[in-house]
> 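What follows is a structure written as structure tokens; I'll ask about it next.
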Amino acid sequence: MRLYIDSANIEQIRHLNEYYPISGVTTNPSILVKEDRPFLELLKEIRAVIGEEKELFVQLVGDTAEEMVEEANFIMSELTGKLAVKIPVTEEGLKAIKLLSEEKIPVLATTIYTSFQALMAALAGAKYVAPYVNRIDNLTGNGVTVVSEIAQFFESYQLSTEILAASFKNVQQIHNVCLAGAETITASPDLIEKFIAFPATASDVKAFKEEWQKAYGIDLIHS
Ligand code: G3P
């Protein structure tokens, strides 16, 4: 399982990258716009924070496949390190996925609401598919079921495309998609921090420390 940060906030990325087992950063137009900065400068700063080896995902906004291919080449020439472009699974998007995959540019097929969209994207050559779990749930669908169906398709048809599940509102959804076969997930910083926040752990740690100090003094080295 690999974990990505779904944010473009430099301070949050810096913190999570230092403390958590992070494999990269995913962005989309809304996430970039939120930071209110020139997007290329921001993406370059994210790259500087996470280093060249971790994956950085940038979503394309062109209307036609040709525009998307041009944008993908622009992103590849402007940014360094391990990159992938995100392309929504529309008809034009599917054509762009085919063209870019032929050029060996890694593509994440995004804004996925059905297992068939994921299947088409995988057949077109996408490296990743991103089912939008919470947005599916909001439409009275079942995001976890969609992830599980995608996992079954990929296994039956021996497709190497990975599921990068996205759009979560709570940790339970993430827990469930991991069990349903998502190889990777991307989550907002506040959700990632909730993965390990458990009051009982904090209270156990406090009790251990107090007992230690009573018996031995300040800490392990200066006792
Ligand atoms: O990575 C996809 C994601 O950013 C969409 O999430 O929370 O806006 O539905 P959300």
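Every number for a ligand or one of its atoms is a count from 1 in the order of the listing. Please read these numbers as outputs of a predicted model, since none were measured by experiment. Index from 1, following the sequence.
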> Under 4.5 Å between side-chain heavy atoms, hopping through other hydrophobics if needed: is there a path connecting I196 to L16?
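Yes: a chain of side-chain contacts under 4.5 Å links I196 to L16.
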
> Select the closest option to atom 7 (O) of ligand 1 among S167, S188, S30, judged by heavy-atom distance.
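Closest candidate by heavy-atom distance is S167.
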
> Quick one: do the D190 and S188 side chains pair a donor with an acceptor below 3.5 Å?
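Side-chain D/A pair, D190 to S188: present.
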
> Can a non-hydrogen atom of T26 be found less than 4.0 Å from any atom of ligand 1?
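Checking ligand 1 against T26, which is what was asked, there is no heavy-atom contact under 4.0 Å.
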
> From atom 8 (O) of ligand 1, work out which of K86, R135, Q59 has a heavy atom at the shortest distance.
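The option holding the nearest heavy atom is R135.
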
> Within the 4.0 Å heavy-atom shell around D6, which atoms of ligand 1 are there?
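Heavy-atom distances to D6 below 4.0 Å select 1 (O), 2 (C), 3 (C), 4 (O).
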
> Establish, from distance only, whether the side-chain atoms of N9 and K34 form a donor-acceptor pair under 3.5 Å.
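No, no side-chain donor-acceptor pair sits under 3.5 Å.
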
> Could you tell me whether E210 and K206 have a side-chain N and a carboxylate O separated by less than 4.0 Å?
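The answer is yes: the pair qualifies as a salt bridge.
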
> Would you kindly specify which portion of N28 sits under 4.0 Å from ligand 1, judged on non-hydrogen atoms: side chain, backbone, both or neither?
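It is the side chain that gets close, since no backbone atom is under 4.0 Å.
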
> Atoms of ligand 1 less than 4.0 Å from I31 heavy atoms?
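Counting atoms of ligand 1 from 1, those under 4.0 Å from I31 are 4 (O).
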
> Go through ligand 1 atom by atom and flag the ones less than 4.0 Å from a non-hydrogen atom of Y132.
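Near Y132, the atoms of ligand 1 are 2 (C), 5 (C).
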
> Enumerate the atoms of ligand 1 whose separation from the nearest heavy atom of A166 is less than 4.0 angstrom.
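By the 4.0 Å cutoff, the relevant atoms are 1 (O), 2 (C).
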
> Is the shortest side-chain N to carboxylate O distance from R37 to E41 below 4.0 Å?
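Result for this pair is yes, salt bridge flagged.
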
> With salt bridge (Lys or Arg N to Asp or Glu O under 4.0 Å) as the criterion, how do K95 and E92 come out once you've worked through the C-alpha distance, each side chain's angles and the decisive distance to 0.1 Å?
CA-CA 5 Å; K95 181 177 171 187; E92 291 293 333; 5.2 Å; no

